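Remember, it's a predicted structure, so these values are computed and weren't measured experimentally.
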Amino acid sequence: MSITIKRREWLKMSALASGASFGLLSGLDVFGKTTPDALSAIEGDENVRRLLFNENPLGPSEKVKEIIPEMLHRASRYATFHRYDFMTLKELIAEKEGLKPENVLLGHGSFEPLIMISSYFSENGGEIIVPSPSFDVVGNFGRKIGAQVRQVEVDAQFKMDLPAMEAAVTSKTRLVTICNPNNPTGTSCEPDSLRAFCSALADRAHVLVDEAYIHYLNAWRKHTMAPLIKEGKNVLIARTFSKIYGMAGLRIGYMLGPSKLMQELEAKYTLGFPGNMPNSLSVAAAIASLEDDDFIDKSRAFNEQGKSAFYQSLDDLGIPYIKSDANFVFYDVQKFKEYKSLMWKNKILLAGGWPSKPSWARATIGSAEDMQYLSDQMQGKKWL
């Protein structure tokens with residue numbers, strides 16, 4: 001007997017699932033209180049403005065667009081024993097970071113390695129220190145499986161409060177997480193301060209730095225903490241191809257860290273089996289994207305132009321905001337639920353409602369047309 005699920009019914013189920021997952025992972029008022037009927041109302045509508053997931057509106061690079069058709073015949077194969085396989089990708093990442101392939105753990109986006117790390121350090125009620133607000137996959141998942149999670153609020157400038165985070169560490173702390181640049185505030189740490197923080201704490205606990213948005217920083221190599229791994233520090237770096245590389249739908253990312261821990265995580269959570277590796281197309285696309293620095297520069301310049309234009313719109317409206325080092329802007333709309341409702345009616349998807357910053361919204365820097373449309377719908381501040 002065959003089972004058929006109508007598209008509208010599927011959308012309703014997806015809406016409920018999305019609400020549950022957003023509630024679990026971030027506590028955001030994004031989809032969680034949006035009715036399934038409201039979601040199905042935008043079904044197939046190309047005019048929906050996706051300013052929610054911090055995707056690159058330029059899409060992937062031309063090199064990625066070229067390699068995927070070339071590699072389609074590999075869709076029936078695991079990403080092994082080929083010039084575009086997972087070991088080639090590990091070797092390329094390691095070469096660029098001055099590390100060894102054993103220091104690289106691949107995953108489906110950076111999300112999967114973050115879940116692995118959370119699982120590993122949450123065992124037996126391990127203590128984890130996390131910033132707030134932030135993209136707290138590690139802390140939120142850890143809570144679900146018994147970790148003792150302690151939050152430290154950002155400082156008055158909405159930056160990581162490194163002194164407060166260091167003061168929060170105890171003899172029971174196993175992991176400290178940092179997001180740099182931070183999501184959702186868009187702020188970044190001063191490199192020397194963060195390097196000193198990581199070095200000081202790495203003897204007491206592992207330090208994880210989520211660098212999902214680091215490529216949006218000019219001279220980003222000065223900001224990465226990856227060199228500390230080569231120095232033997234207990235530092236972990238999470239990165240993704242979902243943001244500036246424009247490959248969110250391909251689901252591939254990686255973690256850098258001490259070789260012993262990376263190999264232990266791979267053995268424990270993937271069993272070393274090809275079926276749990278990123279797929280052949282995403283691996284080939286990641287390799288191609290790492291060889292296209294011009295696209296990164298182009299995306300960064302495009303993003304800077306978009307931010308500048310949106311800052312001007314917010315200034316004109318008298319809306320406070322935080323200058324961002326990433327591809328989104330965090331701004332205070334005073335009444336986020338009402339703001340979100342108005343934006344939704346105008347088919348604009350964006351984020352906000354963090355528990356410690358409930359009146360603040362976060363909008364991805366989209367196309368020039370999308371950002372102008374968002375600014376137009378905000379005129380008159382009709383949500384207040």
Side-chain angles (χ1 to χ4, degrees), residues 26 51-58 110 114 130-137 152-162 165 177-198 207-228 235 237-246 248 253 256 293 295-315 319-332 350-352 354 356-357 360-366 371 374:
S26 57
L51 306 181
L52 172 59
F53 293 117
N54 303 334
E55 299 154 325
N56 186 342
L58 298 181
S110 59
L114 290 173
V130 301
S132 176
S134 194
F135 183 68
D136 188 19
V137 171
V152 177
E153 284 297 311
V154 296
D155 64 20
Q157 286 73 47
F158 285 55
K159 295 186 175 183
M160 297 277 119
D161 193 335
L162 298 182
M165 295 195 76
T177 72
I178 295 289
C179 189
N180 189 53
N182 187 37
N183 174 16
T185 62
T187 55
S188 60
C189 300
E190 194 279 322
D192 289 340
S193 296
L194 182 56
R195 193 170 294 110
F197 171 86
C198 292
V207 181
L208 165 66
V209 184
D210 187 340
E211 294 185 349
Y213 300 96
I214 198 163
H215 303 92
Y216 283 104
L217 285 162
N218 290 317
W220 67 271
R221 283 286 178 192
K222 296 180 180 179
H223 294 263
T224 180
M225 295 297 112
L228 293 177
V235 171
I237 305 295
R239 295 205 191 129
T240 181
F241 289 92
S242 298
K243 305 308 174 184
I244 203 167
Y245 289 103
L256 306 172
D293 290 338
F295 178 74
I296 301 303
D297 294 338
K298 175 184 175 181
S299 294
R300 188 185 302 115
F302 175 88
N303 185 63
E304 288 301 314
Q305 292 177 351
K307 284 192 298 186
S308 295
F310 192 48
Y311 292 157
Q312 186 60 59
S313 295
L314 293 172
D315 284 334
I319 293 177
Y321 61 91
I322 306 298
K323 287 204 168 183
S324 173
D325 290 325
N327 66 333
F328 51 82
V329 178
F330 201 47
Y331 52 104
D332 188 359
L350 40 70
W354 276 260
S356 63
K357 298 288 185 288
W360 289 70
R362 187 202 69 195
T364 302
I365 299 301
M371 300 313 293
L374 172 61

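- Here the side chains of I214 and R239 are in contact, with some heavy-atom distance below 4.5 Å.
- Between V329 and L314 the shortest side-chain heavy-atom distance falls below 4.5 Å.
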(request) Could you give me the CA-CA distance, side-chain angles and deciding distance for F197 and M160, then say whether side chain to side chain contact (heavy atoms under 4.5 Å, CB included) is met? (result) CA-CA 11 Å; F197 171 86; M160 297 277 119; over 6 Å; no
(request) Please report the C-alpha distance between N183 and Y213 in whole Å, then the side-chain angles of each, then the deciding distance to 0.1 Å, and finally whether the side chain to side chain contact (heavy atoms under 4.5 Å, CB included) criterion is met. (result) CA-CA 8 Å; N183 174 16; Y213 300 96; 3.6 Å; yes
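- Here E190 pairs with nothing under the salt bridge (Lys or Arg N to Asp or Glu O under 4.0 Å) rule; sequence neighbours left out.
- Taken to the nearest 0.5 Å, the CG atom of D192 stands 10.5 Å off from the NZ atom of K222.
- A cation-pi arrangement is absent between R300 and Y216 under the rule of less than 6.0 angstrom and at most 45 degrees off the ring axis.
- To the nearest 0.5 Å, atoms CG (N303) and CZ (F328) are separated by 9.5 Å.
- Two residues are said to be in side-chain contact when any heavy atoms from C-beta on lie closer than 4.5 Å; C189 and N180 meet this criterion.
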(request) Could you walk me through whether E211 and T224 pass the side chain to side chain donor-acceptor pair (under 3.5 Å) test, one step at a time? (result) CA-CA 8 Å; E211 294 185 349; T224 180; 2.9 Å; yes
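- With sequence neighbours left out, S110 forms a side-chain hydrogen bond (donor to acceptor under 3.5 Å, both in side chains) with no residue at all.
- When the salt bridge (Lys or Arg N to Asp or Glu O under 4.0 Å) test is applied to D315, no partner is found at least two apart in sequence or on another chain.
- In this structure, P181 and G186 approach most closely via the heavy-atom pair CB-O, 4.2 Å.
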(request) Could you go through the side chain to side chain contact (heavy atoms under 4.5 Å, CB included) check for I178 and L194 one step at a time? (result) CA-CA 9 Å; I178 295 289; L194 182 56; 4.2 Å; yes
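- Counting heavy atoms from C-beta outward, K357 and V154 have side chains that approach closer than 4.5 Å.
- Under the side-chain hydrogen bond (donor to acceptor under 3.5 Å, both in side chains) criterion, E153 pairs with S132, S356, sequence neighbours left out.
- Considering only heavy atoms from C-beta on, L208 stays 4.5 Å or farther from V235 through its side chain.
- With rounding to the nearest 0.5 Å, the separation of CG in D332 from CD1 in I319 is 8.5 Å.
- Annotation: the span from N54 atom CG to F135 atom CZ amounts to 9.5 Å, rounded to 0.5 Å.
- Taking the ring-ring contact (aromatic ring centres under 6.0 Å, His included) definition, one finds that Y321 meets it with Y311, sequence neighbours left out.
- Every residue two or more places apart in sequence or in another chain that forms a ring-ring contact (aromatic ring centres under 6.0 Å, His included) with F310 is listed here: Y331.
- Residues meeting the salt bridge (Lys or Arg N to Asp or Glu O under 4.0 Å) test with K159, sequence neighbours left out: none.
- In this view, D325 and S188 satisfy the side-chain hydrogen bond (donor to acceptor under 3.5 Å, both in side chains) rule, not counting sequence neighbours.
- A pairwise comparison of heavy atoms in N56 and G246 identifies CB-CA, 3.8 Å as the closest pair.
- Interatomic distance, I244 CD1 to W220 CH2, rounded to the nearest 0.5 Å: 10.0 Å.
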(message) Show, in sequence, the C-alpha distance, side-chain angles and deciding distance for I365 and M371, and conclude whether the side chain to side chain contact (heavy atoms under 4.5 Å, CB included) test is met.
(response) CA-CA 7 Å; I365 299 301; M371 300 313 293; 3.9 Å; yes
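- Of all the heavy atoms in D210 and L114, the pair that sits closest is OD2-CD1, 4.0 Å.
- Residues satisfying the ring-ring contact (aromatic ring centres under 6.0 Å, His included) criterion with F158, sequence neighbours excluded, are W360.
- Partners of P191 according to the side-chain contact (heavy atoms from CB on, under 4.5 Å) rule, which considers only residues two or more places apart in sequence or in another chain, are R195, H223.
- With hydrogens and angles left out, the side-chain atoms of N182 and T187 include no donor and acceptor closer than 3.5 Å.
- Between the side chain of S324 and the backbone N or O of A326 there is at least one donor-acceptor pair closer than 3.5 Å.
- To the nearest 0.5 Å, atoms CD1 (I322) and CZ (R362) are separated by 14.5 Å.
- Checked against side-chain contact (heavy atoms from CB on, under 4.5 Å), A248 has the following partners two or more places apart in sequence or in another chain: E55, S242.
- With sequence neighbours excluded, no residue forms a side-chain hydrogen bond (donor to acceptor under 3.5 Å, both in side chains) with T177.
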